[in-house]
Amino acid sequence: MGTGELDREALVAAGTEAGGVTPAPRTLAEALRARGDEGLAALLRARPDLLVPVPSDLTQLATRAGTRASVVRALERLDRFALQTAEALAVAPDPAPYSVLHGLMGGDEGDPDVSAALPRAVGVLREQALVWGDDERLRLVRTARELLAPSPQHPSPTGLGPTVAEATAGMSPTRLQEIIATAGLPTTHDPVSAVAALTDLFTDRERMGALLDTAPMDALGVLDRLVWGPPYGEVTPNPAPPVRWLRDRGLLLPATARTVVLPREAALHLRAGRAHRAPEPVPPAVTPSRTATFTEGRPQVVDSAAASQAYTALATIDELAKEWNEGGPAVLRAGGLSVRDLKRTAAALDVPEQVAAFWLEVAYGAGLIATDGEADERYAPTPAYDEWAALPAAERWTRLAGAWLASTRTPGLVGSQDTKGRTLAALGPDLDRGAAPEVRHRVLRLLAGLPAGASPDPDTLLARLRWERPLRGASKETGADLRARLAGWTLSEAELLGVTGRGALSAHGRALLPGAPAPGTDHPVDGHAPDHPRRAHVPAPATPGADTFSGRRPAQAGDATHAGAAALLAPLLPEPVDHVLLQADLTAVAPGPLQRPLADTLAVLADVESKGGATVYRFTPGSVRRALDAGQAAADLHAFLEAHSRTPVPQPLAYLIDDVARRHGHLRVGAASAYVRCDDDTVLGEILADKRGASLRLRRLAPTVLASQADPAALLEGLRSMGFAPAAESAEGDVLITRAHTYRTPARTAPAPVPEGPPAPDATLLGAAVRAIRAGDLASTVARKDEPATSGAAGNGDMPRTSAAETLATVQAAAMTGSAVWIGYVNAEGAASQRVIAPVRVEGGFVTAYDHTADEVRTYPLHRITGVAELADDAG
């Protein structure tokens with residue numbers, strides 16, 4: 001064999017039994033070792049926590065897959081029927097044949113739906129390494145059995161109690177003989193055979209039926225109350241005759257001094273063999289709402305309604321940025337927005353507080369607002385907002401919708417309390433919920449499976465979500481079903497954002513979901529189609545919702561998915577207009593969304609009076625003065641209105657502009673503390689005589705100058721409230737132009753989602769992890785020559801230990817013969833590993849070799865090699 005050409009398959013084959021027959025796996029590690037690379041990748045994809053850090057070999061992977069935390073997380077991601085299958089295996093013999101499991105799930109009479117769905121459920125459990133073994137020896141991993149098996153402290157979801165053997169543990173042999181004798185069985189010589197005889201009686205349908213035929217009616221009533229759980233009941237020291245009859249025959253066995261329990265075998269007979277009262281092999285269908293008849297079959301109505309709301313969403317974010325343009329509210333010491341500031345923001349946006357919290361979180365999640373990081377920390381728009389505002393409307397919407405879909409921020413929690421009784425604030429640090437992106441994607445995909453234009457019935461939608469994740473969703477704050485609350489919030493938030501219209505998924509909303517099902521298909525892509533695989537060894541399909549959230553940042557508008565959504569939305573949005581309609585009552589009507597330069601200028605010159613399909617602006621002396629303060633001249637304002645009005649400029653509006661301009665700056669205010677000067681001393685006399693100016697504490701310094709103890713800003717505001725139009729001036733006597741100050745935070749990245757547990761790995765990481773695990777397993781399981789005990793060589797699975805001289809001699813011999821050896825190696829960080837190498841050169845205290853574990857040529861310091869062993873002849 002040439003250097004570096006060690007046959008990997010030969011090394012694996014060296015560990016198999018003679019004759020080429022693969023034995024049945026005895027451990028989970030052996031079962032994983034028998035999987036292909038696709039099977040290992042499927043396990044790591046379904047349970048990404050097993051990858052952190054990457055296991056060194058398959059034995060470590062199996063050990064990690066059996067830890068309590070990892071098993072609990074895997075059980076939480078099972079759908080209801082897969083979980084019911086695991087619960088049935090927990091009360092079945094260990095190991096259990098597939099036929100026994102099928103009987104527990106379908107009962108004595110069988111169930112076609114159970115028979116069709118059970119192979120898929122077993123496949124899911126096998127894929128996630130919760131079950132291993134062939135169909136004749138199905139084994140539930142020990143940790144899962146401990147979690148799901150019945151016990152007095154943790155009753156089983158099946159409602160079953162302990163077996164006869166478990167319930168009679170510690171019972172006196174005499175009492176056991178009395179029970180089997182009363183039950184009509186021959187006495188035995190030892191407790192073990194007595195327990196076996198009683199178990200055989202309870203599992204024999206004919207003999208058990210004959211025994212129950214002799215039972216009093218009241219005794220059967222007692223069994224009816226215990227059969228579906230809980231199986232425990234309290235008894236008095238002198239029980240009633242029906243209870244005594246059952247206890248004497250072992251149908252009720254003592255659990256404590258005052259409680260009895262119905263043994264598992266007897267309960268299964270009474271249940272006709274079923275482990276669950278109501279198996280749920282088929283997911284409940286999501287049905288259209290009864291109120292959806294108007295839009296069902298009319299997707300254009302849905303798209304139009306959603307597009308209208310999408311435009312409103314963009315306008316609301318713009319309004320929020322305008323409100324905080326000069327610096328927003330302060331950040332609370334614990335983070336987030338105060339209740340008072342949330343109320344002010346809601347009033348400015350003209351929406352309820354809960355809706356305002358949603359818009360704040362959407363803008364924050366998209367990176368459009370953030371904190372400025374100053375000592376007196378405040379919220380403000382980010383530089384990314386200016387870039388976003390310059391995009392076309394449809395692309396701006398896809399940025400918002402994409403950020404909302406991927407964000408773990410949960411605005412619905414704003415105003416509620418955490419476990420410590422603290423109120424959760426908008427933009428606060430405690431609003432992340434890892435389940436939020438998964439639920440949002442799942443809800444929208446379920447909407448996508450409805451007929452076109454149909455909105456869902458919320459009850460059936462929640463039932464479907466509960467079926468898909470029965471163990472997840474309990475909120476730490478309230479104990480309520482968090483997934484159900486997230487689903488409700490998703491429906492309302494999607495409507496606010498314009499992803500849905502009239503409760504139904506829009507075309508541009510569907511385009512945000514890659515691989516969304518066609519309308520009316522109810523999600524066969526998730527593995528819940530009516531036609532299930534019939535054989536237990538068929539690979540299981542993906543778990544529902546497993547592909548919905550990977551923890552990565554949302555795709556940007558340039559991605560194909562968002563570009564498709566933008567292309568569908570763009571024709572439905574109104575085109576910006578470049579004109580307004582001036583009215584004689586000092587108002588202007590914008591017949592549609594205005595182009596941004598026109599909208600910005602008009603927002604300074606006039607006040608918004610009403611919004612809707614057409615925005616109404618009103619011109620007032622204060623708004624005109626605001627434009628003049630910003631540096632505009634009266635001629636500029638006239639020219640602006642003439643250029644952008646489709647109607648002639650009304651005479652009252654022209655007079656208003658000229659009148660305010662004529663008086664603007666006639667009075668000058670500067671700093672003394674403050675002073676007022678005017679060339680017309682009669683105006684100053686009028687101000688002094690006005691009682692409304694008493695608070696300004698004015699006094700005349702000269703015929704044309706008044707001094708005040710108020711600061712210039714207060715003096716300006718006071719004179720304006722008295723009906724004058726003063727202008728501020730600089731120390732040089734020039735008029736100060738007051739333009740709106742635009743404040744931006746430093747560059748900020750959008751907040752990353754905070755998923756529950758590690759994110760789902762991509763294909764590249766999975767491939768690398770599988771190769772590393774295979775290589776590490778190869779090094780730990782490869783056959784090696786037996787060495788004399790004095791050499792210090794370790795047995796299989798242990799690090800080899802040899803002296804420095806033996807190590808040097810062995811690797812030099814391997815380099816000359818071109819053979820491979822097995823070494824133990826400790827790297828610079830102190831991490832120990834086992835490797836199979838083919839030495840090429842040994843010199844200067846280093847060995848250069850082809851590392852079969854890493855699949856590359858590497859150089860190793862000899863002093864870091866703990867030992868070396870030759871491979872067995874059949875492996876080499």
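Along the sequence shown, residues carry numbers from 1.
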- Would you please test Val124 and Thr85 for side-chain contact (heavy atoms from CB on, under 4.5 Å) and show each step? CA-CA 10 Å; Val124 169; Thr85 303; over 6 Å; no

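- For the atom pair OG1 of Thr59 and CD of Glu30, the computed distance is 9.0 Å after rounding to the nearest 0.5 Å.
- The backbone N or O of Ala370 sits nowhere less than 3.5 Å from a side-chain atom of Thr382 that would complete a donor-acceptor pair.
- Annotation for Ala129 and Leu32: closest pair CB-CD2, 4.4 Å, computed over non-hydrogen atoms.
- Using a 4.5 Å cut-off on side-chain heavy atoms (C-beta onward), Val847 and Ile865 make contact.
- At a threshold of 4.5 Å between non-hydrogen side-chain atoms, the residues Val131 and Arg139 do not count as touching.
- Residue Arg145 places its CZ atom among more than 12 non-hydrogen atoms of other residues, nucleotides or ligands, all under 6.0 Å distant.
- With a 4.5 Å cut-off on side-chain heavy atoms, Val141 and Trp132 count as touching.
- Looking at Arg45, its side chain never comes within 3.5 Å of a backbone N or O of Ala763 through a donor-acceptor pair.
- Between Leu486 and Arg440, the closest side-chain pair of non-hydrogen atoms is not below 4.5 Å.
- Using a 4.0 Å cut-off between a side-chain N of Lys or Arg and a carboxylate O of Asp or Glu, Asp57 and Arg33 do not qualify as a salt bridge.
- Counting heavy atoms from C-beta outward, Leu78 and Leu471 have side chains that stay 4.5 Å or more apart.
- Here CD of Glu361 is found 8.5 Å from OG1 of Thr410. Values are rounded to the nearest 0.5 Å.
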- Task: Take Leu862 and Val811 through the test side-chain contact (heavy atoms from CB on, under 4.5 Å) and record every step on the way to the result.
- Result: CA-CA 10 Å; Leu862 282 170; Val811 297; 4.2 Å; yes

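- Thr143 has its side chain out of reach of Thr67: every pair of non-hydrogen atoms, C-beta onward, lies at least 4.5 Å apart.
- Between Arg409 and Asp432, at least one side-chain N (NZ, or NE/NH1/NH2) sits under 4.0 Å from a carboxylate O, which counts as a salt bridge.
- With a 4.5 Å cut-off on side-chain heavy atoms, Val857 and Thr848 count as touching.
- Going from atom OG1 of Thr371 over to atom CG of Leu427 covers 9.5 Å, rounded to the nearest 0.5 Å.
- Side-chain polar atoms of Arg64 and Ser70 form no donor-acceptor pair below 3.5 angstrom.
- If you take CD on Gln812 and OG1 on Thr807, they are separated by 11.0 Å, rounding to the nearest 0.5 Å.
- At most 12 heavy atoms of other shown residues, nucleotides or ligands fall within 6.0 angstrom of atom CZ in Arg841.
- For the pair Thr408 (side chain) and Val754 (backbone), a donor-acceptor distance under 3.5 Å is present.
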- Message: Using side-chain contact (heavy atoms from CB on, under 4.5 Å), reason through Arg35 and Leu58 one step at a time and then give a plain yes or no.
- Response: CA-CA 11 Å; Arg35 289 191 182 192; Leu58 288 171; over 6 Å; no

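- Atoms CZ and CG, on Arg433 and Leu413 in that order, are 5.0 Å from each other to the nearest 0.5 Å.
- In terms of heavy atoms, Leu138 sits closest to Gly133 at CD2-O, 3.9 Å.
- The backbone N or O of Trp404 lies less than 3.5 Å from no partner atom in the side chain of Ser407, so there is not a single donor-acceptor pair.
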- Task: Begin from the C-alpha positions of Thr859 and Phe846 and carry the test side-chain contact (heavy atoms from CB on, under 4.5 Å) through to its verdict.
- Result: CA-CA 6 Å; Thr859 299; Phe846 293 88; 3.7 Å; yes

- Arg399 and Glu387: salt bridge (Lys or Arg N to Asp or Glu O under 4.0 Å), yes or no, with the steps? CA-CA 12 Å; Arg399 291 280 184 97; Glu387 300 175 6; over 6 Å; no

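- Salt-bridge check for Arg483 with Glu468: failed, with every basic side-chain N at 4.0 Å or more from each acidic carboxylate O.
- Of all non-hydrogen atoms in Ala384 and Leu368, the two that sit nearest each other are O-CD2, 4.1 Å.
- The CZ atom of Phe81 sits 11.5 Å away from the CD atom of Glu87 when rounded to the nearest 0.5 Å.
- Between the side chain of Arg864 and the backbone N or O of Tyr825 there is no donor-acceptor pair closer than 3.5 Å.
- Looking at heavy atoms from C-beta onward, Leu405 lies in side-chain contact with Leu444 at the 4.5 angstrom threshold.
- Counted within 6.0 Å of CD on Glu38, heavy atoms from surrounding residues, nucleotides or ligands total 12 or fewer; the atom is thus considered open.
- Heavy atoms only, all atoms of each residue included: Ala90 and Leu148 are closest at CB-CB, 3.6 Å.
- Pairing each heavy atom of Ala820 with each of Val836, the nearest pair is CB-CG1, 4.3 Å.
- The shortest non-hydrogen separation linking Ala65 to Leu28 is CB-CD2, 4.4 Å.
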